[in-house]
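Below: one structure, written as structure tokens.
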Amino acid sequence: MKHWLMKTEPDVFSFDALVAAANHTSCWEGVRNYQARNFMRDEFKKGDEVFIYHSSTEVPAVMGIAQVVREAYPDASALDKKSEYFDEKSAKDGVSRWVMVDVRATLRFKKPVTLAAIRATKGLEEMLLLKRGQRLSIQPVADKHWDKIVKMGEAVKV
DNA sequence: GCCAACGTTGGC
DNA sequence: GCCAACGTTGGC
């Protein structure tokens, strides 16, 4: 079972929004970066667990955990002219070059683990999230990092 | 709003 | 294939 981290801007789609969705489940549309797409397409497996991370917000933080419930399938929003995720090149091909997965929120952090806390915690120095210039919206998380952050967050069932 | 870092685009 | 220009990300 692999562990991942996915970034989202809470103004666009927050962890609470995922929890509020039917069955705590939603597709994860709009990823428009090839490296991130390839992780979803090639490596995301049903049952993999994912940190949901709030970025571009006052207090960037890991908010909780979700589980992959459907593996990669085409992201049709790339073909939808009215979508903010419309992609000209996909539309031209008539085939979406982007994929998405479905995730279900499973655990909420009583104490969201802030970027500052991660930065200040011994043993988490090597996390990709802290790497200079690291902007990938989907990234793998090492097990030892995963375990530490879960403890810090005091995860409870959603 | 600033800006460093990185990805993408397009002319050659 | 190179690389300058441009766009985006995301913390601060």
Side-chain angles (χ1 to χ4, degrees), chain A residues 2-21 26-44 48-66 68 72-103 105 107-142 144-155:
Chain A
K2 285 207 87 174
H3 291 136
W4 305 95
L5 179 145
M6 296 201 296
K7 298 179 183 174
T8 183
E9 297 185 22
D11 293 345
V12 178
F13 191 75
S14 66
F15 182 73
D16 284 345
L18 179 61
V19 172
S26 173
C27 64
W28 201 263
E29 67 175 8
V31 172
R32 295 293 179 269
N33 169 280
Y34 288 106
Q35 212 178 332
R37 178 202 66 180
N38 293 349
F39 278 136
M40 283 198 293
R41 187 190 60 190
D42 303 334
E43 299 194 42
F44 269 54
D48 282 3
E49 292 180 300
V50 184
F51 283 147
I52 305 298
Y53 174 83
H54 283 180
S55 67
S56 290
T57 187
E58 202 168 331
V59 184
V62 178
M63 304 304 292
I65 297 174
V68 176
Y73 62 105
D75 181 350
S77 67
L79 303 178
D80 177 4
K81 269 217 163 74
K82 281 167 291 184
S83 170
E84 60 176 314
Y85 303 121
F86 177 70
D87 173 37
E88 195 89 42
K89 290 178 175 172
S90 294
K92 210 171 182 184
D93 299 339
V95 176
S96 179
R97 62 182 61 190
W98 304 107
V99 302
M100 56 191 182
V101 296
D102 288 355
V103 294
L107 297 168
R108 180 178 62 80
F109 280 178
K110 275 200 292 185
K111 299 180 178 174
V113 179
T114 66
L115 178 61
I118 291 172
R119 194 163 268 143
T121 300
K122 255 209 154 76
L124 298 179
E125 299 90 344
E126 294 304 312
M127 275 194 80
L128 284 179
L129 193 65
L130 303 183
K131 287 267 157 43
R132 184 176 183 70
Q134 170 50 47
R135 300 177 315 177
L136 252 191
S137 60
I138 295 179
Q139 43 189 264
V141 176
K144 59 182 177 182
H145 298 153
W146 179 273
D147 293 343
K148 197 170 275 261
I149 288 175
V150 172
K151 280 201 190 108
M152 291 165 71
E154 301 183 16

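Please read these numbers as outputs of a predicted model, since none were measured by experiment. Residue numbers start from 1 in every chain, and the chains themselves are labelled A, B, ... in the order their sequence lines are given, proteins ahead of strands.
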Item to complete: Return the value, rounded to whole Å, for the distance between atom CD of A:E88 and atom C1' of B:dT9.
Response: 14 Å

Worksheet, complete the sentence: Protein heavy-atom contacts under 4.0 Å, written 5' to 3' over nucleotides 3-8 of chain C as B (base), S (sugar-phosphate only) or - (none), form the string -----B

Item to complete: Name the orientation class of the two ring planes belonging to A:F51 and A:W146 (parallel below 30°, tilted from 30 to 60°, perpendicular beyond 60°).
Response: parallel

Worksheet entry | Heavy-atom donor-acceptor pair, A:E49 side chain to A:I65 backbone, under 3.5 Å | no

Fill in: Atom-to-atom span, CG of A:L129 to P of C:dC12 - whole angstrom
10 Å

Worksheet item: Between A:S55 and A:R135, do the side chains contain an N or O donor and an N or O acceptor separated by less than 3.5 Å?
Response: no

Worksheet item: Rounded to whole angstroms, how far apart are CD on A:E9 and P on C:dG10?
Response: 7 Å

Response to the item:
Of the candidates C:dG10, B:dT9, C:dG11, the side chain of A:K89 sits closest to B:dT9

Item to complete: State plainly whether the residues A:E126 and A:K131 are in salt-bridge range, i.e. N to O under 4.0 Å.
Response: yes

Worksheet item: Under 4.0 Å between a side-chain N or O of A:K7 and OP1 or OP2 of C:dG10?
Response: yes

Worksheet item: How close or far is atom P of C:dT9 from atom CG of A:L128, stated in whole angstroms?
Response: 19 Å

Discussion item. By the 4.0 Å heavy-atom rule, please label A:R119 as base, sugar-phosphate, or nothing.
Written reply: sugar-phosphate

Worksheet entry | Ring-ring centroid check A:W98 A:Y34, cutoff 6.0 Å | yes

Discussion item. Using whole Å, what does the distance between atom P of nucleotide C:dG10 and atom OH of A:Y53 come to?
Written reply: 8 Å

Fill in: For atom CG of A:L136 and atom P of C:dG10, their distance in whole Å
9 Å

Fill in: Exercise: do A:D80 and A:S83 side chains pair donor with acceptor under 3.5 Å
no

